[in-house]
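Take a look at the structure set out below.
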Amino acid sequence: MPETGDHGASIELESLTKRFPGSAQPAVDNVSMEIKAGEVVVFVGPSGCGKSTTLKMINRLIEPTGGRIGIGGEDVTDMDPVELRRRVGYAIQAAGLFPHMTVAQNIALVPKMIGWPKARIRERTEELLDLVGLDPGEFHGRYPRQLSGGQQQRVGVARALAADPPVLLMDEPFGAVDPITRDHLQDELIRLQHELHKTIVFVTHDFDEAIKIGDRIAVLRERSHIAQFDTPEAILTNPADDFVSGFVGAGAALKRLNLTRVRDVGITDYPTAMIDDPLQQIFNRLRAGGTNEVLLLDRRRRPYKWLRRGDLMRARGSLARAGTPVHDTVTRDATLRDALEAVLTDNTGRVAVTGRHGEYTGVVDMQTLMSSVHDLLEADRLDALEHQHELEELRAAQTHAEQEGDQGVTGAGGAVGAR
Amino acid sequence: MNFWQYLENRHQQLLTDAYQHASVVFQCMVVATLLGVLIGVVTYRSEWAGNLATTTTATILTVPALALIGLLIPVVGLGVPPTVIALTLYGLLPVVRNAIVGLRGVDPSLVDAADGIGMSRPVRLLRVELPLAWPPILTGIRVATQMLMGIAAIAAYASGPGLGNIIFRGLASLGSANALNQVLAGTLGIVVLALLFDAAYVLIGRLTISRGIRA
Ligand SMILES: Nc1ncnc2c1ncn2[C@@H]1O[C@H](COP(=O)(O)OP(=O)(O)OP(=O)(O)O)[C@@H](O)[C@H]1O
Ligand SMILES: [Mg+2]
């Protein structure tokens, strides 16, 4: 396992079993799973199905009764657990920040334990706060109780990332915050992951969250048995059985919108003006742009108002009251569903896309959304058909093989079918 | 001789007694704190061991001070030793009990987080559990100190140090000219010392309890 890694490390679980003393049934029964380096795998399943237990066996917070754990190809089943945990980030529900330490002290814990020099720790702390979207100057010296739930959660993630571990384990990290904050945190995690390429194992019992975050989703049933382990697209369009479809729930087509992000569809440029620009200049731009509207940006280049030609006429020299304020913006990592929502609520028929610090980067309009959604659903339908076709062929081959009395093919077919 | 004249005449003696009184209480509290926290740390994780520690220290407290000191004299002799042993034993209960309650009261998810980021057991204890349990432990120390202030007076019975001496002298000569003054001066001295100690604890609390968990 590498000391640090920007590209994650693979995780191999081999017949992992946990039987708690005094219970007849194992809580986790014979789970095998391969998680690729740099991949986000989400465990979903009903309460008590063993998600947390499985997760905690990866950093051996819970010692497995049987089976093996590999990280980055190295067997860590018998490694010193304290050593192991310093190389695996761990973030939990309600952040688990130590209330008697400041934000900076919380984040610095792991780097300190592994002996980083002071200057490097300080630098890293600032860098991480910035990474999770908190102003280092402002939040550095605060205590956890002086933070909102969402901010605490961000610090929790920063602490988990502190020593740049290749693997990050997250147990319902956003379970205790309100839906809006939760949405933001999810977006941020996705953005982070784009920069960091960690291997992330994420536990939730919210299927929508799983779809949004996961590269692959493991739907678990009782005793952590894997009902289906596949991409969100495949699970949505092709649930393995009734248990999985039950979990996917209604509205699979709408949920599909959660799987594609704004950055994957056409972000177009739009005429903009700065709030300090002279009125005449804005006029000229409107005329030149061939549109009826410009997007007015504030001094920090954040979308501020939509200005129509008519608004400008009425403005008479001052922009203070002219135009329609921008209600909602999305980031490049927002889902198409968020974008659709924003377009529907803003009456301009488009939504501004913003960068990390809320600055304008482009717009997405209704037209783009409609055509992308159409294409997506079409592609899924084709995939599903193909998949079905494959299954049928496989079944035909099996029947054929059985008729021929060829055992080997049946065995191989069974293995493929189980995936 | 009225009370003020008495104080003026004897202030040298009184100050020496008060100093010795404070000193013996302070030293016994240091030992009781170290011992009490240690007992708490060793026993809090186990249901029965923790209860045993609390019950034992509580039982010690039910033994009358005079009796305990009396029983110690044949074993360790007169003077300072029986005083110190008795005071330390009496000081244990509040510290042990609050240490156990405080350590058990640490949010399990924080313990999980501490383990999860790779703290070893001793590090977890020193960096997370003890700091979080410190406010109740300090309260225990405070309560114990107040208690020892009074109990230390009884040490004079075993020729121990402190303000108990003048109280006992006064009580032995009730009816004589200075008897009442002696008892009064000794008692007031103890009350003043107790208040000073309490003020010191408030200050210690300010300095040692993290702003993040201060009420
Ligand atoms: N320390 C323990 N001792 C005994 N049984 C336990 C222990 N921890 C968990 N279990 C049992 O193991 C099973 C799986 O628990 P686990 O916490 O992994 O569930 P989960 O899927 O994370 O549920 P949730 O979504 O509610 O967090 C449960 O039946 C639980 O009662
Ligand atoms: Mg759980």
Side-chain angles (χ1 to χ4, degrees), chain A residues 52 55-56 58-63 79-114 141-147 152 155-156 158-163 165 168-173 175-176, chain B residues 33 37 40-41 44-49 98-142 201-215:
Chain A
S52 299
L55 186 83
K56 285 180 179 177
I58 299 177
N59 65 357
R60 298 196 15 237
L61 273 180
I62 294 178
E63 288 289 353
M79 175 181 181
D80 172 22
V82 169
E83 193 61 28
L84 169 66
R85 289 176 206 143
R86 290 180 186 177
R87 299 203 232 153
V88 175
Y90 183 59
I92 56 175
Q93 178 161 4
L97 297 181
F98 302 123
H100 58 297
M101 299 181 193
T102 62
V103 164
Q105 288 168 334
N106 265 287
I107 296 176
L109 277 170
V110 183
K112 226 183 222 165
M113 285 191 291
I114 58 177
R142 287 217 202 166
Y143 285 96
R145 69 167 177 192
Q146 299 166 316
L147 304 178
Q152 290 186 17
V155 177
R159 183 176 70 184
L161 287 171
L168 194 56
L169 306 179
M170 310 181 88
D171 194 348
E172 299 194 40
Chain B
T33 300
V37 172
V41 163
Y44 80 101
R45 265 190 230 102
S46 141
E47 181 76 36
W48 70 267
N98 283 25
I100 291 177
V101 168
L103 287 168
R104 284 184 179 168
V106 173
D107 184 349
S109 74
L110 293 181
V111 177
D112 185 51
D115 288 339
I117 65 172
M119 286 191 184
S120 59
R121 283 266 278 263
V123 173
R124 182 183 87 194
L125 194 68
L126 283 178
R127 303 284 327 260
V128 176
E129 290 173 290
L130 280 176
L132 290 176
W134 178 237
I137 294 175
L138 190 61
T139 306
I141 296 174
R142 217 169 139 177
Y201 282 127
V202 171
L203 192 70
I204 291 174
R206 286 252 136 218
L207 294 176
T208 57
I209 298 174
S210 152
R211 260 198 312 125
I213 52 172
R214 216 179 286 154

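Owing to the predicted nature of the structure, the values given are computational and were not obtained by experimental measurement. Each chain gets a letter, A, B and so on, in the order its sequence line appears, and its residues count up from 1.
Side-chain contact check for A/T102 versus B/S210: every heavy-atom pair is 4.5 Å or farther apart. Looking at A/Y90 and B/D115, their side chains never come closer than 4.5 Å, going by heavy atoms from C-beta outward. The side-chain heavy atoms of B/I117 and A/R85, taken from C-beta on, include no pair separated by under 4.5 Å. The shortest side-chain heavy-atom distance between B/D107 and A/F98 does not fall under the 4.5 Å cut-off. B/M119 has its side chain within reach of A/L109: a pair of non-hydrogen atoms, C-beta onward, lies under 4.5 Å apart.
In this structure, chain A has no heavy atom under 4.5 Å from any part of B/R121. Using a 4.5 Å cut-off between heavy atoms, A/L169 makes no contact with chain B at all. For a residue to count as touching a neighbouring chain, one of its non-hydrogen atoms must lie under 4.5 Å from one of that chain's; by this rule A/P144 does not touch chain B. Within the 4.5 angstrom heavy-atom criterion, atoms from both the backbone and the side chain of B/D112 approach chain A.
Heavy-atom pairs under 4.5 Å with chain B peak, among A/N59, A/I92, A/D80, at A/I92. Chain B forms more heavy-atom pairs under 4.5 Å with one residue of A/Q146, A/M101, A/R142, A/Q93 than with any other, namely A/M101. Among A/P99, A/G89, A/G96, the residue making the largest number of heavy-atom pairs under 4.5 Å with chain B is A/P99.
At most 12 heavy atoms of other shown residues, nucleotides or ligands fall within 6.0 angstrom of atom CZ in B/R211.
Minimum interatomic distance between B/G118 and A/R86 (heavy atoms only, all atoms of both residues): O-NE, 2.8 Å.
The backbone N or O of B/R214 sits nowhere less than 3.5 Å from a side-chain atom of A/H100 that would complete a donor-acceptor pair.
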